[in-house]
Amino acid sequence: MKRLYFIGGPMGVGKTTVCRELQRRLDHSVFLDGDWCWDGNPFQVTEETRAMVTENICFLLNNFLRCSAYDHVIFCWVLHQQTILDGLLSRLDTRECRVRAVSLLASPEALAARIESDVQKGRRDGGALERSLRYLPLYAALDTDKLDVSRLTPGEAAERILEGWL
């Protein structure tokens with residue numbers, strides 16, 4: 001039976017890095033970052049682009065789920081609202097797989113340190129910290145497993161996610 005990993009969390013918490021670590025540890029795995037499905041310049045959030053990104057994500061995830069080459073499908077995105085998570089899952093054919101949804105969280109201080117490091121390296125804009133901190137409390141309301149990664153390495157976080165399948 002396939003396994004589908006939905007990994008959410010605020011910007012800068014380490015979703016992509018943890019998912020890359022999961023991919024490295026899991027044979028026959030594929031990884032999709034939702035941000036790749038609307039990486040435009042300029043980045044625009046409109047009703048049209050939201051509909052497009054959802055369609056792109058569901059198309060790719062369904063293809064991965066149907067493909068016999070993959071046993072593990074790993075997906076990450078901010079996923080800060082239950083309606084987003086439920087909307088994506090409702091469009092996926094998950095009859096032949098187990099789904100695990102995990103929200104990666106960090107203390108405001110740890111999140112700030114990570115984002116400030118990214119800003120200094122030119123990976124994020126100056127407003128990223130404010131946006132990320134604003135999203136952080138929203139994860140408490142989600143029907144997901146919560147994993148505080150404040151003091152975890154990406155490898156340790158991946159291991160904890162994998163332990164949840166046992």
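Leu111 has its side chain within reach of Pro10: a pair of non-hydrogen atoms, C-beta onward, lies under 4.5 Å apart. The closest side-chain heavy-atom distance from Trp77 to Leu88 is below 4.5 Å. No side-chain heavy atom of Val119 sits under 4.5 Å from any side-chain heavy atom of Leu129. In this structure, the side chains of Leu4 and Leu92 come closer than 4.5 Å at one or more pairs of heavy atoms. At a threshold of 4.5 Å between non-hydrogen side-chain atoms, the residues Phe64 and Phe31 do not count as touching. When side chains are defined from C-beta on, Cys37 counts as touching Leu32, because their heavy atoms get closer than 4.5 Å. Residues Ile7 and Leu104 have side chains in contact (heavy-atom distance under 4.5 Å, counting atoms from C-beta outward). Side chains of Leu89 and Val99 form a contact here, defined as non-hydrogen atoms less than 4.5 Å apart.
Shown here for Cys97 and Leu65, the closest heavy-atom pair between the two residues is SG-CD2, 4.1 Å. Between Leu136 and Ala106, the shortest heavy-atom distance links the atoms CD2-O, 3.4 Å. Between Arg91 and Cys58, the shortest heavy-atom distance links the atoms CB-SG, 3.7 Å. Closest non-hydrogen pair, Val18 versus Pro154, comes out as CG2-CA, 4.1 Å. The two atoms that bring Ser90 and Gly87 nearest to each other are OG-O, 2.8 Å, heavy atoms only. When all heavy atoms of Leu22 and Ala158 are compared, the pair lying nearest together is CD2-O, 3.7 Å.
Put simply, the side chain of Lys15 gets close to the backbone of Gly9: a donor and an acceptor are under 3.5 Å apart. Proximity of a side-chain donor or acceptor of Ser150 to a complementary backbone N or O of Ser107 within less than 3.5 Å is detected. Side chain of Asp35 to main chain of Val78: no donor-acceptor pair is present (N/O by atom type, distance under 3.5 Å, no hydrogens or angles). In this structure, Lys2 contributes its side chain and Tyr70 its backbone to a donor-acceptor pair below 3.5 Å. Distance alone, capped at 3.5 Å, is enough to place a donor-acceptor pair between the Thr54 side chain and the Arg50 backbone. Using a distance-only test at 3.5 Å, with no hydrogens or angles considered, a donor-acceptor pair links the side chain of Thr46 to the main chain of Thr49.
Here the CG atom belonging to Leu138 is positioned 12.0 Å from the CD atom belonging to Gln82, to the nearest 0.5 angstrom. Note that NZ of Lys121 and CD of Glu116 are 12.5 Å apart. Values are rounded to the nearest 0.5 Å. We find the CD1-CG distance between Ile57 and Asn62 to be 12.0 Å, quoted to the nearest 0.5 Å. Here the CZ atom belonging to Arg124 is positioned 10.0 Å from the OG atom belonging to Ser117, to the nearest 0.5 angstrom. Rounding to the nearest 0.5 Å gives a distance of 5.0 Å between CZ of Arg3 and CZ of Arg98. One distance of note links CZ of Arg25 with CD1 of Ile161; it measures 10.0 Å at 0.5 Å rounding.
Sequence neighbours left out, the pairs with a member in residues 82-137 that pass ring pair (Phe, Tyr, Trp, His ring centres under 6.0 Å) are His80-Tyr135. Under the salt bridge (charged side-chain N to carboxylate O under 4.0 Å, His left out) criterion, the residue pairs touching residues 128-145 are Arg100-Asp145, Asp125-Arg131, Glu130-Arg134, with sequence neighbours excluded.
No side-chain N or O of Asn56 forms a donor-acceptor pair with one of Trp38 less than 3.5 Å apart. Side-chain N/O atoms of Lys146 and Thr144 include a donor and acceptor closer than 3.5 Å.
Counted within 6.0 Å of CD on Glu159, heavy atoms from surrounding residues, nucleotides or ligands total more than 12; the atom is thus considered enclosed.
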Task: From CA spacing to verdict: side-chain contact (heavy atoms from CB on, under 4.5 Å), Val53, Trp36 - done: CA-CA 9 Å; Val53 72; Trp36 301 337; over 6 Å; no
- [ ] Apply the test side-chain contact (heavy atoms from CB on, under 4.5 Å) to residues Ile74 and Ser29: give CA-CA distance (whole Å), side-chain angles for both, the deciding distance (0.1 Å), then the verdict.
- [x] CA-CA 7 Å; Ile74 305 161; Ser29 62; 4.2 Å; yes
TODO: Please lay out, stage by stage, how Phe6 and Val102 fare under the test side-chain contact (heavy atoms from CB on, under 4.5 Å).
DONE: CA-CA 6 Å; Phe6 263 58; Val102 177; over 6 Å; no
Open item on the list: Before you tell me yes or no, could you show the steps for Glu156 and Arg160 under salt bridge (charged side-chain N to carboxylate O under 4.0 Å, His left out), namely the whole-Å CA-CA distance, both residues' side-chain angles and the distance that decides it to 0.1 Å?
Closed with: CA-CA 6 Å; Glu156 291 168 334; Arg160 298 253 175 107; over 6 Å; no
- [ ] Give the C-alpha distance, both sets of side-chain angles, the deciding distance and a yes or no for side-chain contact (heavy atoms from CB on, under 4.5 Å) between Leu26 and Asp71.
- [x] CA-CA 9 Å; Leu26 295 168; Asp71 295 328; over 6 Å; no
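Scored by the ring-ring contact (aromatic ring centres under 6.0 Å, His included) test, Tyr139 finds no partners at all (sequence neighbours excluded).
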